[in-house]
Each structure stands twice: as structure tokens, then as C-alpha cells.
Amino acid sequence: MKPSIPKGTRDFSPQEMVKRNYIFDTIRQVYQGHGYQPIETPAMENLETLMGKYGEEGDRLIFKILNSGNYLEGLPDDLSFTTYPLAQLTKHISEKALRYDLTVPFARYVVQHRNDITFPFKRYQIQPVWRADRPQKGRYREFYQCDADVIGSDSLLNEVELIQIIDEVFTKLGVPVIIKINNRKILQGIAEYIGKPDRMIDIATALDKLDKIGTEGVRDELRQKGFSKEQIEKLEGLILSQNDYSKSGHSQVALLRIQRENFINTNSEVIKLGADELHYIKSMFNSLHPPMYSKIQVDPSLARGLNYYTGTIIEVKVDNTKSASQFTSSICGGGRYDDLTGIFGLPNVSGVGISFGADRIYDVMEELKLFPPQFITSTKVLFINFGEEAKHCFPLLKELRKAGINSELYPDAAKIKKQMDYANGKQIAYVAFLGAEEVKKGIVKLKNMVTGEEKEVATGDLIQHIQ
RNA sequence: GUGGUUGUAGCUCAGUUGGUUAGAGCAUCAGAUUGUGGUUCUGAGGGUCGUGGGUUCAAAUCCCAUCUGCCACCCCA
């Protein structure tokens, strides 16, 4: 049998893991610094918990788990695979699924453990999620999300904090980014304003493509989705004010002002609320000292596909004006959801959160060569194995490790050359010789593998000679 | 889910209009003074040419299907 792994999944080598852990550790450290606490949830959830939370497209991308045992039991006798509706069939043969994100399982967790939680509850969670998407560059079927959410607080200061966290993480990692924000209330209000309150998602996803396909493309898409000419014109009056947004040349602030004037004319409370929220957040950052390293941008076309967002939405992309990155997809996203816990029986609890896509961040950092070089190895000192004398290494190894110096003993009494090759392969900085001669003299011969320099040091002074 | 593209040794790739036993470099392993590597020399192992069919006297090469990677759409981290 030829060994292989499922499409869109990957193995990670030691070299890759060191770098991946660097990303995880950085994010974890920032989260903890802001008072977020860790939780974990199972890889699989009840299918029912997940279905219907991510939109139609999302449902399709959920990995369903076939029931154990005789999963065909209890199916109708007249079952025909060609005529039976697939969604119906799924319900019968699958009751569990791999989690699609960390936010919905978190909402479930909050409701289930509500009596043990003090609100507002700030938690972080770093775990893999699975999506049955078709793989591409930066798109995997198994990938890690690093989430932080605050649940049980309406304050916009949470949004402000989360955006600062985003800035802090990417500053630490050295990735130049643009943080884009918008507000779903505006989009919802617009949908109501043009008389299609239930089509907010369609409007949002069409607008989301403004950058890519331009005004005319958005018009076409809306027409295809059944919007009338009047509705589209009304919409344009609000969002696409003046020509093409992307070509308009207005600064972000100016653009926002245009919107607010237009928005006020709609007399829509929802729109005004959304615009005020956006403006509040933006103004917080305008007066922030010291200012953020990352650019923050109000983007009226930002939509985000997930169904559960109701307020602020956030998306982070690599700043291609500051780097040579080819990456255009988002590497972090998030937003506010006013009633995600409601579906699980706990209404009126608002939450807001963000999620870093660790795998995409890794790809970007690799592309931009942002990983520090010292990450190649994890062992600092290798003791050469001379057979009988090997046991004399143990006390020294213990001491080194106590001092935080990663060290190891070669397991076999192999030829020196082979052991040296091993050290080179792992890019180990020092090799220690402790053979019969050294034991007799009470010393260790320490060799610097970069300079080739060798010196005899007393066993007690070993640590001082290692940087 | 739709459309396109790709696949030869662990890695990077050669391989003529279909024509003997499919090659190279790097890597690996073994040896060249039995306590000194990253430079050198010698040798070895390793491929059902992604997989399964088909056309042909003959297929890595042509045709079909399938899988994987990649690209666009869709959507997203």
C-alpha cells in the first residue's frame, strides 16, 4: 500500500513545527496578556449544533461523520439514492460532524456551562477546524484557528481591544497588515431600505466583490439574484456614491462622511446605529497613543459570509503596499454576533470575537522570510557517545537542562563521524566530548560547531561556556 | 460544487517523431588513519514513470477514467 493522507491535509516536520509553535505561542501570549482564558472543545459536535449557522454554502462544507454500526438501519424501505433528497439522507446516516469553526462550538459551550461562567467571559481557543472545501494555496481542509471572544458584554471597547490584539500579534510577528472594518447593521439597514430585508446576505456578498469585479460586476450579480433596477439604483446611491468606489480616490474618512450623509437621509435607525458604531471605533483609533502599527480602514464593501454576524465585522489582509506578498485572502477575521447563544436557549447575550488563521499566517511569513533563523534547531548541545563513558554525561545533561539549555546524548556508540554528521544535520551549536580521557581529567572537551574552536572546560564550568 | 492545469528516485529535473535493461545533480547509506563534522575521493541502495483501463508488434511518451497538487469561480482562516 502506498502511504498517503487525505486531500487538503498535511504532515508537519520538526522544522515546520518549531515555526508553527512560534506563531501559536505569540498569539497565546498576547491573548493571555489581555485576560483571555483557554478552553478546548471536542473535534466533533452534534451535526444539529453546526447545521444552519454558516449559511447554505457552509452547510455543504461541513464534514459529516457516518454513524457507527448499521447506519442504514431505520431508513425508509423505498430509499432510492437518486431520488432521495441528499439533506434528508444525511440526517439519517450522520448525527455528528467535525467542527467548522470555533465560534459556534464556543456558543454551545457558553450555554451549556452558563452556571459556571462569570460574565463577561473572555476565552481563547487554539484548535484545528475542518472544511470540505476544494484545496488551493492558503486553503486547507484541516487548519488551525486561534480564536479570542468576549461574550456577555455589549461594549464597543471589546471591539477596540480585539483590534489592538490583532495589531499586537502582527506587529510581534512582523507581518504588515491592513485591518478592515465594517458593520452588519449598515448592511442590514440597507437591505431594509431597499425593501429586501431578508436578502442582506445576498447584498453583502455581492458588495464584497466590489474590489474585484467593480461596480458593473456588482450590478450584474444583483440583477442575476433578482433585484430590480430601482433597488439596485437605490443601493448605489448609498454605497457606491460617486462613480466606482475603488476608483473614486476618496480617502477613507471622506468616504465614510459621504456614507453618513446619505445614511441619515434614509431615516433608518439601524443604519444610523451601525454607522455610529463604526465611527466610534474608528475615532478611538484616530486618537490612540501610541498609534497602531497596522493600518485600520473602514471598508463599506466588507461583508463576510458567515450568517451569525450582526454588528462590527473585521477582516485582516496582508498590506501589499508594504510587502511583496502575493497573498490576497484574509489571514484573520471576526465580528460581533448578538444572538448566537439564542439558538441554544440563552437569548440576549452578545459576543464579539476574532480568529487568526495560523496556517495562512505561516504561509505569508514563509513567503516574506519573517521567521528568525535560530528557529532551525531546538538542540544546543550534543554529547558524543563513547559507549562505556556515556553514563558520565547524565549529570551534565541534567544540569544543562536545568539551566534551560536543550541538550541530548547520541543514543548509539557510533563512529564519531556519524555523530558529528548528526549534529550538523540538526544544526546543533556545540558538541561535547566526554570519553575515557576527559573522565580521567574531570573535564569536557567542548567544540563550537560553527567556528570549529575546541576547548577543555572543567565539568563544573560547562554552562558558562555555552551561549 | 463548476471549469482549467499538473504528476518521472526522498528533493530538483532530463528523457528525441512511441523503439532495447528510464538518466543526472543533490540527499541517503557504506568505505578511504578505530577520538573530530560541515571541503574531497570511491562505491552502493533507491523508480510497477501518480493509479486503473485502452490503442499499438512496442507506451514515461497517444486516448479515456480516477487520485493528488496548483489556478480561476464559489466561499473563507
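All chains are named by letter (A, B, ...) in the order of the sequence lines, taking the proteins before the strands, and each is independently numbered beginning at 1. Source: prediction; values computed, not measured.
Ion pairing between a basic and an acidic side chain is recognised when a charged N comes within 4.0 Å of a carboxylate O; A:Glu57 and A:Arg60 show such pairing. The existence of a salt bridge linking A:Lys53 and A:Asp101 is excluded, since no basic side-chain nitrogen approaches an acidic carboxylate oxygen closer than 4.0 Å. Taking 4.0 Å as the cut-off between side-chain N and carboxylate O, A:Glu161 and A:Lys122 count as a salt-bridged pair.
Between B:A60 and B:U51, the distance separating the two P atoms is 11 Å to the nearest Å. With P as the reference atom, B:C29 and B:G38 are 13 Å apart, rounded to whole Å. Taking atom C1' in both B:C11 and B:U28, one finds a spacing of 11 Å when rounded to whole Å. Remark: the separation of the P atoms in B:C62 and B:C76 is 41 Å, to the nearest Å. With P as the reference atom, B:G47 and B:G52 are 16 Å apart, rounded to whole Å. Nucleotides B:A58 and B:C73 place their P atoms 46 Å apart, quoted to the nearest Å. As rounded to the nearest Å, B:U55 and B:U16 have P atoms that lie 24 Å from one another. The gap from the P atom of B:G10 to that of B:C74 amounts to 39 Å, rounded to the nearest Å.
Residue contacts shown for A:Gly8 are limited to sugar-phosphate atoms, with no base heavy atom under 4.0 Å away. Note on A:Gly58: nothing from the nucleic acid sits closer than 4.0 angstrom, heavy atoms only. Across all strands shown, A:Glu454 has heavy atoms under 4.0 Å from base atoms, whether or not it also approaches the sugar-phosphate. Across all strands shown, A:Tyr144 has no heavy atoms under 4.0 Å from either base or sugar-phosphate atoms. Across all strands, A:Gln145 comes closer than 4.0 Å only to sugar-phosphate atoms, never to a base (heavy-atom distances). Using a 4.0 Å heavy-atom criterion, one finds that A:Asp101 contacts no nucleic acid atom at all. When heavy atoms are screened at a 4.0 angstrom cut-off, A:Val450 is found touching base atoms of the nucleic acid. A:Glu438 comes within 4.0 angstrom of a base, heavy atoms only. Across all strands, A:Asn424 comes closer than 4.0 Å to base atoms (heavy-atom distances). Counting any heavy atom pair closer than 4.0 Å across all strands shown, A:Phe356 reaches no nucleic acid atom. Contact annotation for A:Ala436: base contact, defined as any heavy-atom pair under 4.0 Å involving a base atom. Residue A:Gly435 is in base contact, counting any heavy-atom pair closer than 4.0 Å across all strands shown.
A:Asn385 places no side-chain N or O within donor-acceptor distance of the main-chain N or O of A:Ala390, the cut-off being under 3.5 Å.
Comparing A:Pro135 and A:Ile331 by the nucleotide of RNA chain B whose heavy atom lies nearest to each, the residue mapping closer to the 5' end is A:Pro135. Looking at which nucleotide of RNA chain B each of A:Lys417 and A:Thr9 is closest to, the 5′-most match is held by A:Lys417.
In the interface, the side chain of A:Arg139 is paired with the base of B:C75 through a donor and an acceptor atom under 3.5 Å apart. One N or O donor and one acceptor, one from the side chain of A:Arg134 and one from the base of B:G3, sit under 3.5 Å apart.
Following rounding to the nearest Å, A:Lys418 (NZ) and B:A32 (P) show an atom-to-atom distance of 15 Å. Distance, A:Tyr54 OH to B:A77 C1': 13 Å, rounded to whole Å. For the pair A:Asp363 CG and B:C76 P, the computed distance is 20 Å after rounding to whole Å. Rounded to an integer number of Å, the gap from A:Tyr309 OH to B:C76 C1' is 10 Å. Distance A:Leu302 CG to B:C76 P: 11 Å, rounded to the nearest Å. We find that CG of A:Asp359 is positioned 18 Å from P of B:C76, with the value rounded to whole Å. Counting to the nearest Å, the C1' atom of B:C75 and the CG atom of A:Asp202 are 14 Å from each other. Per the geometry, CE belonging to A:Met449 stands 9 Å off P belonging to B:G38, to the nearest Å.
Remark: ring of A:Phe143 stacked against base of B:A77; centroid gap under 5.5 Å, plane tilt under 30°.
With contacts defined as side-chain heavy-atom distances shorter than 4.5 Å, the pair A:Tyr124/A:Ile165 does not qualify.
Partner assigned to B:U16 is none, using Watson-Crick or G-U wobble distances below 3.5 angstrom.
Phosphate contact (OP1/OP2 of B:A72, side-chain N/O of A:Gln136, threshold under 4.0 Å): present. Side-chain nitrogen and oxygen atoms of A:Lys7 include at least one within less than 4.0 Å of the OP1 or OP2 phosphate oxygen of B:U68. At least one side-chain nitrogen or oxygen of A:Lys415 sits closer than 4.0 Å to the OP1 or OP2 atom of B:G31.
The distance between the ring centers of A:Phe143 and A:Tyr362 does not fall below 6.0 angstrom.
Taking the six-membered ring where the residue is Trp, A:Phe106 and A:Tyr109 present parallel rings, their angle staying beneath 30° rather than reaching 60°.
A cation-pi arrangement is found for A:Lys322 relative to A:Tyr293, the charged atom lying closer than 6.0 Å to the ring centre and inside a 45° cone about the ring normal.
Relative to the side chain of A:Ser329, the nucleotides B:G37, B:C76, B:C71 differ in distance, and B:C76 lies closest.
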